[in-house]
Amino acid sequence: MTLYLRHYWKDEHFFFPSTSNKSMTFDGRLVKKIWVPDVFFVHSKRSFIHDTTTDNIMLRVFPDGHVLYSLRKSIVAEHVAAMNHFVEPMCLSAVPESHLTPLKNAYTDEDLMLYWKNGEESLKIDERISLSQFLIQKFHTTSRLAFYSSTGWCNRLYISFTLWRHIFFFLLQTYFPATLMVMLSWVSFWIDRRAVPARVSLGITTVLTMSTIITGVNASMPRVSYIKAVDIYLWVSFVFVFLSVLECAAVNYLTTVEERKERKHREKQMPCTCGISHTRTMMLDGTYSESDANSLASYTRTQVVSDEQEKQEKMVVRLSMSSESTATKKKGGLRGYRGFRIIKNTHAIDKAHRLRREASKEDDGGRHKKGSPILKRSPDVTKSVLTKSEQLLRIDDHDFSMRPSFGGPAIPVGVDVQVESLDTISEVDMDFTMTLYLRHYWKDERLSFQSTNNLSMTFDGRLVKKIWVPDMFFVHSKRSFIHDTTTDNVMLRVHPDGKVLYSLRVTVTAMCNMDFSRFPLDTQSCSLEIESCWYNRLYITFTLRRHIFFFLLQTYFPATLMVMLSWVSFWIDRRAVPARVPLGITTVLTMSTIITGVNASMPRVSYIKAVDIYLWVSFVFVFLSVLEYAAVNYLSTVQERKERKMRDKSQLPCTCGPSHPQPMRMDPSYSEGDLNTGSYGMPGNGDRQERIIVHLALGDRRPTSRRKGSRGYVSMWIDTHAIDKYSRVIFPGAYILFNIIYWSIYC
């Protein structure tokens, strides 16, 4: 807290007769020579009196001995808050209350009595004071007696203020993401139970994301020994996400047990004499990669190809990855097995990219830099060397602790400023840092001197401490200092008629109340205020317009790409569960990372920013793409169950062999990468279809049984769900419409 602390007391030693002067004002140099109350701040960690451009101290003495002693201080004090209600400002008990106990002294109550001069009116607050995370409800003052065993009773004054925390920031950055992660874990319930890699990766990802959210919240909080309200919400959400993973494990285990029972039941039944009428397990040969085998393992397939043998035989699936691998497999010991082969058709675009090579050469060049010449001023011939400047200015003949023309009219002090640099603008701290040359102009006849040669005399900072200078300071400054390298950056120039130029180089960090409702398309107005204990105030106001390119490149462009990347899922086959689910989860997590990164460099304001609107709408689009696939997968599973029941009812009796090509159906757990988009169902009426020819190689162990008609072709159809078709148009159209509205409002 930065405050003006004023003391009022009466000291008869300062009594002076006066008929014209109602008071006398002095600077801080006289304070060191008189008695002042030894007041300090209890439980303060750091505190200091501002000293730019001079010590921010004023001493005013009245003829009857009354004294006003004012100083400007910044204090960092201890604050004990009720963190058990953190971010839950719904009840009054949740409001933290702070106490600043500034006024305590070494004297007991028998020697010195501290009191608030005007009661509650003794505390005045600047109406412009605001906090990004809290609403200041009220300030009030109290006084008590404090007992010390070694010294006795002492007076103590209190400044208490109540802060009400804004909840909106935490709703947007903590509660809302946690709720979305819980909802995202529920998507697993709509994915086919045999798609184990997709369901497990979804559950683990949501668990890790919840852990990241919890870690991020507690990183900015103290290590307290009690549970906070936000901890309850986050850990309950974590338990819900964790239970969704356990649910997946339970479902998978019970499904495996059920399949074992069904397999045993089928083995007890009599096999068909004409062909194989029961389900057989597919085996993979060495052509498949480890990832393909993992995604296909432990799934049963519906048998549609029959042979003449009564013995149960294994079906071998072979992928022709290349002519070399096919030839190797033919030589390698797979003779005598029956199977089918899916012929891979490499797209022309993939072939072109495999053959494409780019080469670039970089040439490095250097430039010869020439040194700039040193510019020298011509010597000032109007200056001559004097032996004693203090004797010339008669420093010891006057009291320079008082202003010029004391008792007369106000002395005019002209000010001009040359801004050297505007160093930093901090959105988090809501302040700016500026380096400037501050120049003062006034006339002090006490410094006049006779001269025929010297038009002016220039001194360094040592003489400044011996004369009167305006007691100017920067209002609402947090930190400020006068540069002192290689010496104090101070210049004093005195003219023969007593006119003075006082220049100093200062760096100041001052407060700037910013409005981020249009961030990063915003314009901010900040001001640097200069004031003197004569209460005149000068303003330097400047307007800043933020460059948008950085945020376009680092925030808007990545967010847009993530939304577009989520649309890729609509063009991937609906049965490619291991491909579509990780794609959706990855885009959701990436959007969460972008949002977290943006808000890490922003203050915790209580309103929504323009960038928040864009990022969260983009997040919703990405999240809806995940929900879209959950709906597609669920509806596809329901549709397949109905079709399976209809086929079971209309199934023909077993014959000695297939009399016509039969449609081939595969389980939804297949991915596009596993069987080259081989997991397809039959098309519906009126849908656009794409045909793929699958070569079935039906062999026989007995060479005599092979004949030309033993090989045939089966037609398979890609069935793109209607929801995917509509999403390919609705999602991009809605996002483009949102961008048009967004940029038309904020640009």
Side-chain angles (χ1 to χ4, degrees), residues 2 4 6 21-32 49-61 68-73 393-395 398-420 434-449 456-477 479-484 488-508 510 527-540:
T2 300
Y4 297 91
R6 302 183 181 95
N21 295 325
K22 296 182 179 179
S23 64
M24 297 177 62
T25 303
F26 306 90
D27 55 19
R29 288 176 290 186
L30 188 61
V31 174
K32 300 176 182 179
I49 299 174
H50 290 261
D51 56 1
T52 307
T53 60
T54 60
D55 291 340
N56 296 180
I57 296 174
M58 182 198 68
L59 182 68
R60 182 169 292 170
V61 181
L68 165 60
Y69 172 46
S70 176
L71 61 161
R72 182 168 173 260
K73 300 194 67 171
L393 299 177
R394 304 186 305 277
I395 299 297
H398 303 281
D399 183 6
F400 283 97
S401 63
M402 303 175 63
R403 68 176 178 88
S405 303
F406 181 79
I411 175 175
V413 178
V415 177
D416 68 41
V417 171
Q418 178 181 344
V419 178
E420 181 182 88
M434 176 186 292
T435 300
L436 51 88
Y437 294 92
L438 180 62
R439 302 185 182 95
H440 313 69
Y441 303 88
W442 74 94
K443 185 175 182 180
D444 191 343
E445 296 180 353
R446 295 173 296 183
L447 297 176
S448 61
F449 61 92
S456 65
M457 297 181 62
T458 303
F459 306 93
D460 56 19
R462 289 174 291 185
L463 188 62
V464 174
K465 300 177 182 178
K466 300 179 180 181
I467 67 171
W468 179 91
V469 293
D471 53 349
M472 291 188 180
F473 61 92
F474 298 97
V475 185
H476 301 139
S477 65
R479 296 173 300 277
S480 59
F481 63 93
I482 299 174
H483 289 260
D484 55 1
D488 291 341
N489 295 180
V490 175
M491 189 265 294
L492 181 69
R493 180 171 294 169
V494 182
H495 297 268
D497 58 353
K499 291 183 178 179
V500 181
L501 165 60
Y502 173 45
S503 177
L504 60 162
R505 182 167 173 259
V506 183
T507 293
V508 56
S527 62
L528 182 65
E529 304 174 16
I530 305 173
E531 185 177 296
S532 170
C533 296
W534 316 119
Y535 302 108
N536 297 111
R537 183 173 295 187
L538 304 179
Y539 294 83
I540 302 174

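Start at 1 with the first residue, then count along the sequence.
Not counting sequence neighbours, Y441 has no partner by the ring-ring contact (aromatic ring centres under 6.0 Å, His included) test. With sequence neighbours left out, the side-chain contact (heavy atoms from CB on, under 4.5 Å) criterion links S70 to R6, M58.
Across S527 and E529, no two heavy atoms sit closer than the pair OG-OE2, 3.7 Å. Closest approach of S532 and D471 over heavy atoms only: OG-OD1, 2.9 Å. Here the closest non-hydrogen pair linking V508 and S477 is CG2-CB, 3.7 Å. Closest heavy-atom contact between T53 and P470: OG1-O, 4.1 Å.
You'll find the side chain of Y4 stays beyond 4.5 Å of the side chain of N56, heavy atoms only. In this structure the side chain of P404 never reaches within 4.5 angstrom of the side chain of E445, judged on heavy atoms. Contact annotation: the side chain of I467 never approaches that of D444 to less than 4.5 Å [non-hydrogen atoms, C-beta and beyond]. Two residues are said to be in side-chain contact when any heavy atoms from C-beta on lie closer than 4.5 Å; R403 and T25 fail this criterion. Within the 4.5 Å cutoff, the side chain of R72 has heavy atoms near those of the F473 side chain. The closest side-chain heavy-atom distance from I530 to L438 is below 4.5 Å.
Rounding to the nearest 0.5 Å gives a distance of 10.5 Å between CD1 of I482 and OG1 of T507. Remark: R505 CZ to L436 CG distance equals 10.0 Å, nearest 0.5 Å. The CE atom of M402 sits 11.5 Å away from the CH2 atom of W468 when rounded to the nearest 0.5 Å. If you take CE on M472 and CG on N536, they are separated by 8.5 Å, rounding to the nearest 0.5 Å. With rounding to the nearest 0.5 Å, the separation of NE2 in H50 from CZ in R479 is 10.0 Å. Atom CZ of F481 and atom CG of N489 lie 9.5 Å apart (nearest 0.5 Å).
H476 and F474 have their aromatic ring centers separated by at least 6.0 angstrom.
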Should H440 and V469 be marked as a side-chain contact (heavy atoms from CB on, under 4.5 Å) after you check the CA-CA gap, both sets of side-chain angles, and the distance that decides it? CA-CA 9 Å; H440 313 69; V469 293; over 6 Å; no
For residues 494-502, which side-chain donor-acceptor pairs fall under 3.5 Å, sequence neighbours excluded?
unit_1	atom_1	unit_2	atom_2	d
H495	ND1	L455	O	3.4
D497	OD1	K499	N	3.2

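R29 and T54 are not linked by any side-chain donor-acceptor pair at a separation below 3.5 angstrom, with hydrogens and angles left out of the test.
Between the side chain of S456 and the backbone N or O of R493, no donor-acceptor pair lies under 3.5 Å.
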